[in-house]
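Each remark here refers to the structure printed beneath this line.
All ligand and atom numbering here is 1-based and tracks the order in the structure.
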Amino acid sequence: MAEEERSFRAPKGTNDVLPPDSHRWQSTMRLAMDVFGRSGYEPVETPTFEHTEVFERGVGATSEVVGKQMYTFVDRGGRSLTLRPEGTAPVVRAVLEHSLQRGALPLKLAYAGPMFRQERPQKGRYRQFWQVGIEALGSDSPVVDAEVIEVGMRFLGEAGVTPELLLNSIGHPDDSCRGGYLDVLRSFLRERTDDMAEDDRERVDTNPLRTFDSKERATVAVMKEAPVITDHLCSDCAAHFGEVRTLLDGIGVTYVLEPRLVRGLDYYTRTTFEFLAGGLGSQNAVGGGGRYDGLAESLGGEPLPGIGFALGVDRILLASEDEGAASSGVDVYVVAVGEGAAGEAFRLVTDLRRAGLGADLDLAARSMKGQMKQASSSGARWAAILGEKELASGTVTLKDLETSDQRELPRDEVVGAVLA
Ligand code: HAM
């Protein structure tokens, strides 16, 4: 292609978030941080890239995310860095680095930001996507599990999504619990390898739990008969899971027990869950999470139990019923035509903004009709009109764009009238 003909496109699998959709997008992120904050989760920001090892050791080398999807690069100083594919390992890294675990526990933290995974793009699956999430660190109480799940359900409800909650416990890694179960599962799968899809066979030895995630019909049929983790939990993990369920029952949060739910990241222990929503096709998980009681140790820290979730903002917006809810932030649109109108309009818009109101004005010398059209598409409740008559008499006509009522006021009463 000739140089002058070249036009640029955003990289495959990324999205530009543009008005008007950007309003809904931003208000969803704000709502998340607001709901999380009201439950005691404080905001944290971590870098968008980390040393690659944080994910290799934190998320786990056998996970697809680490094995196949990371954007890893060597910087000019020869360091291997990775654009974060998820937020949990970075948050735990930051907590350990700054010794926050020495303060009051549990630490309750919330975040919102872009994540990066080199997946095959499709509806609801992108290479840069946005997550909002919370992490509670330093307690293994089942009350924390129930709280985290309830916060996720409540936020999704407020964001206009009615999710189905899938709940499971995958125990802890020792032989007395998940380790023992994996032996049982492996023996079962070895007997049935010939019945499984070819692509899934190698997982039997490397990561047998992931065979539950297979979409291949032959494998799915085998997995229906496979032993499930919840029949093999140690007594502590079984009791813990029982308490989580009782607490959720007690606050009326409904869930579906799904003993075949396996999460894609290696750090999980005990309670795991996913939030599913309709209308998303095959990418129907709007979020997921669980406990990761061993993650801090994998990152070189002391034992620090934790639980959290992350929700995909892109998928929430696809799934939410609340299509029109976002407002532009403009309360008053100033419409002005005639001699000296531009200067007067600018003064009025500045007065309105200084009073804390959202205000905008025409900057393209449109006709009165054109400006009124702009006023209604701006989402403003009011049009403040400065026509020849108003300019001559020092007044403004304030029009309520919802009811079409209008009245003429002295210029210095406009701010008060809008605020009233
Ligand atoms: P995850 O299940 O990998 O968990 O991702 C959580 C959510 O992020 C998914 O349910 C989905 O909504 C969204 N998501 C993931 N990948 C993509 C993608 N390629 N495009 C669009 N959306 C996507 C985690 O990331 C864990 N850190 C959750 C967690 C927090 N567990 C404990 N604490």
- Hey, is Glu274 close enough to Arg263 for a salt bridge, meaning N to O under 4.0 Å? yes

- Query: Residues in side-chain contact (heavy atoms from CB on, under 4.5 Å) with Ala277, at least two apart?
  - Reply: Val161, Leu280, Val286, Ala319

- Task: Output all residues satisfying side-chain contact (heavy atoms from CB on, under 4.5 Å) with Phe73, sequence neighbours left out; order by chain, then residue number.
- Result: Asp75, Leu81, Leu83

- Aromatic plane relationship, His232 with Tyr181 - under 30° parallel, 30 to 60° tilted, over 60° perpendicular: tilted

- Before accepting this row, confirm whether a basic side-chain N of the pair Glu50/Arg57 lies closer than 4.0 Å to the acidic partner's carboxylate O. no

- Message: My understanding is that only residues two or more places apart in sequence, or in another chain, count here; which of them pass side-chain contact (heavy atoms from CB on, under 4.5 Å) with Ala380?
- Response: Val330, Tyr333, Ser378

- Message: Given a heavy-atom cut-off of 4.0 Å, could you list the residues near ligand 1 in chain and number order?
- Response: Glu86, Thr88, Tyr111, Arg117, Glu119, Gly124, Arg125, Tyr126, Phe129, Gln131, Glu135, Arg263, Leu265, Tyr267, Tyr268, Ala285, Val286, Gly287, Gly288, Gly289, Gly290, Tyr292, Gly308, Phe309, Ala310, Gly312, Arg315

